[in-house]
Amino acid sequence: MRFIDFATYCRQLEGMSGRLEMIDLIRRILPGLDDDDLPVFVRFVMGRIFPDWSPLKIGIGPNLLFDAVTGIVDGTRDDIIHDINMTGDVGTAFENILSSKKSSAYSRRSTQAATVQTPLTGFLGQDAEENSAVSPVMTLTEVERDLHRIATAQGKASQEMKLDIIRSLLSRSKPLEGRYIARLLLEDLRIGVGEGNMKSAIARAFEVDASLVEHANQAINDLGEVALIAKKGEPALREVRIRPFHPVKMMLAQQGTISGTIEENGMVAAEFKYDGSRFQFHKSGGECRMYSRKLEEVTGSLPDILEMLDTAVDHDVILDGEVIAIKNGRPMPFQAVLRRFRRKHKVNSMKEEVRMVPHVFDILYLDGETLIDLPLSERRGRLDSVITAYRAPQTVSDDPSVIETIYNDALSAGHEGIMLKVVSSPYTPGIRGKNWIKIKPAVDTLDLAVVGAEWGEGKRAHLFGSFLLACRNEEGELILLSKVATGFSDDQLAEIYALLKDRVISQSGKEVKFEPFLVVEAGYSEIQKSPNYKGGYALRFPRFVRIRDDKGIDDIETIDGILERYQRQSA
Amino acid sequence: MMLKATIDADILKESIDAISALVTECRLHTDETGISTRAVDTANVAMISFHLKKEAFESFSSTKSELGLDIAKIKNIFGMMGKENLLALELPDEGHKLKVSFEGYQYSITLLDPNTIRKDPNIPNINLPGKVVLSGSELNNAIKAAAVVSDKIALGIDPATQTFYMVAEGDTDHIRREFGKTEVNFINGAEARSLFSLDYLKDMGKVMSRAEEVELSLGIDHPANFSFYLAGGNGHVEYLLAPRIEAD
């Protein structure tokens, strides 16, 4: 598939408002794609470059993109950032910039005539068009290959090499292609095709059962490959198994109450809810790896945990659990664990400060067999048969008073609360369903995305001082909710600055906007109705609690959740 | 054996530098007469045609074949070689690993699948009427001087005064260097003037600075062709660089 065709489809999708209309277009495109294009198309349309299980990250911030485009057109970075401010979107700005290569819009602030780099193509004679090395036609797989090279570039010259590849992509792009190349590089296509729509489109395109598509995706965590398998038909989809070292999305929990959960389900399995970091441990053929909640590989940052689990298990397994930090027999706050997850260097010195303990509570794979479809009670049986140490204690009961006691024990031992799990439920990767319920004391904090900031003043003049926070709606659009300016230590402000400084996409006066990726937890005293914010609600006395870099933008609070909290507090 | 050769380390290094100035990977063609490659940089702005005759080697035997070279990696490996040492290259039939031995080191370098590398471009056929020959180090010095004030440089020939000139204009500064008949050999003093990116010329200039003579062909808003020899005349490099033109 030519990349221009992909870009044209994207533009069509972008112009559609209805979900069904979008699914219908994708459904009609998919069957016509060959085996090389199909998985790439599926991932790209969702704004993803690599399979979800892959540890590869493109790691391109807007800054690098600005550098790249500054290299191909005349005009300064400020001109380009100005353009992005005008359009509010990097993709559209790049499209304009690439079309202005011809109209010299960029000469406006330069004293010299603007010049553009011509390609050699035009000078190589009549047969240049069919000369593939200098052919200006980019294909989908070529673009994918270039993005792969960006993600795997290493070493001291890697930044320069990434820049070269981006420049090369952009200089070959037609304006419309530039729009989607820029957005792909930032991994947000802004056309509104999410996983749900894509699953429906795949099921309909290849006339297979949607639940099989869902299940295959839960097991291999890559809709691109799922599409390829779906193309072969339902029997092939049924054959899909979990694979070691392809991390599976983690099953998530909803908030609930003890009495409500027992009333609805009868017997439930209760476990402590640990305030640590979720992990997934893979062991196969003597090799062990670990992944974080965001499925990033953290093998190197937790050598002690890896060793403990490696010694404790003598099978090929995938285990689900939580690492907690212990100091003097008490669990330490979550922050201490995160420091270890993030700290890739100085691992040994950190090892001395706090003791880390894994608590394993689920098993997804055992010696070649995929276990996610078994009920929890059977999975627990398998877990007990392969590992005795580090198992999270579990009590099965339908007596609310027994569960209450466990809940109180958990809190007095310094844990966050308890988890109640439906004993007959399968493991549903990536799903926040009713089969896992978390019970914890009501805390008024929200996980929100940082989308903007204002420069600080005084001794904080070189840092961002206050931040704009957003929640999201069902479609994944970000909705401004609050500004937060208190609760930060100087160290935290410095850390946040370091995380965000390369994510600035526009600046005007003291205000900057970010490419959204950082999630923070914010506290508040009350949710208020507010005409000042688009969502209609605002936080009263917002304060910063902590960085949640174990969470991604998809994990932030929804506007529906805000509404629910608002109604609960006024009830 | 697909390829078996020994070569002076300095010649090999010079050859790799010439290629790596433009590309990070290439298809290398070998046959009984020597090795060659033709490649375009990722942005389609510059092309290198490179040929090293078997006479440049101490010993050389090869069958006709095509290898995929990761030039960036090879450049790093050879970065540690001393000069004036002999280096042995060996590639067995159907082999995917190039064996390189020098100074007691034995390297086994995994080759790339040539099919994953962009195809060789066609031989360009461009009419560039202005032709001058000048010293490679003079050319490189002028490029370096221009890079201080600007990111692009104009190269041209004025037939009336029989001068070859280079001009670079920055936002505030300006630099001009003229070469008269005593410094440059005019093969064809036809009028020419084109503008080029110094990003490319800087890397190419470093390589050309080692050449005693560079033959430069120019047109009006046309590519520039830089042609020069290395390895005592047994190696030949041509760089073709597309111009920048004024946006209309």
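Throughout, a chain's letter reflects where its sequence line sits, starting with A, and its residues are numbered from 1.
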State whether the number of non-hydrogen atoms from other residues, nucleotides or ligands found under 6.0 Å of [X] atom [atom1] is greater than 12.
{"X": "Tyr229(B)", "atom1": "OH", "answer": "no"}
{"X": "Lys99(B)", "atom1": "NZ", "answer": "no"}
{"X": "Tyr200(B)", "atom1": "OH", "answer": "yes"}

Which answer fits Asn76(B), side chain, backbone, both or neither, if we ask what part of it has an atom under 4.5 Å from a heavy atom of chain A?
-> neither
Checking Ala72(B) against chain A: side chain, backbone, both or neither under 4.5 Å from a heavy atom?
-> neither
CZ/Arg167(A) to CG/Asp41(B) distance, rounded to the nearest 0.5 angstrom?
-> 11.5 Å
Please test Leu120(A) against Val45(B) for side-chain contact (heavy atoms from CB on, under 4.5 Å), starting from the C-alpha separation and ending with a verdict.
-> CA-CA 5 Å; Leu120(A) 268 178; Val45(B) 171; 5.9 Å; no
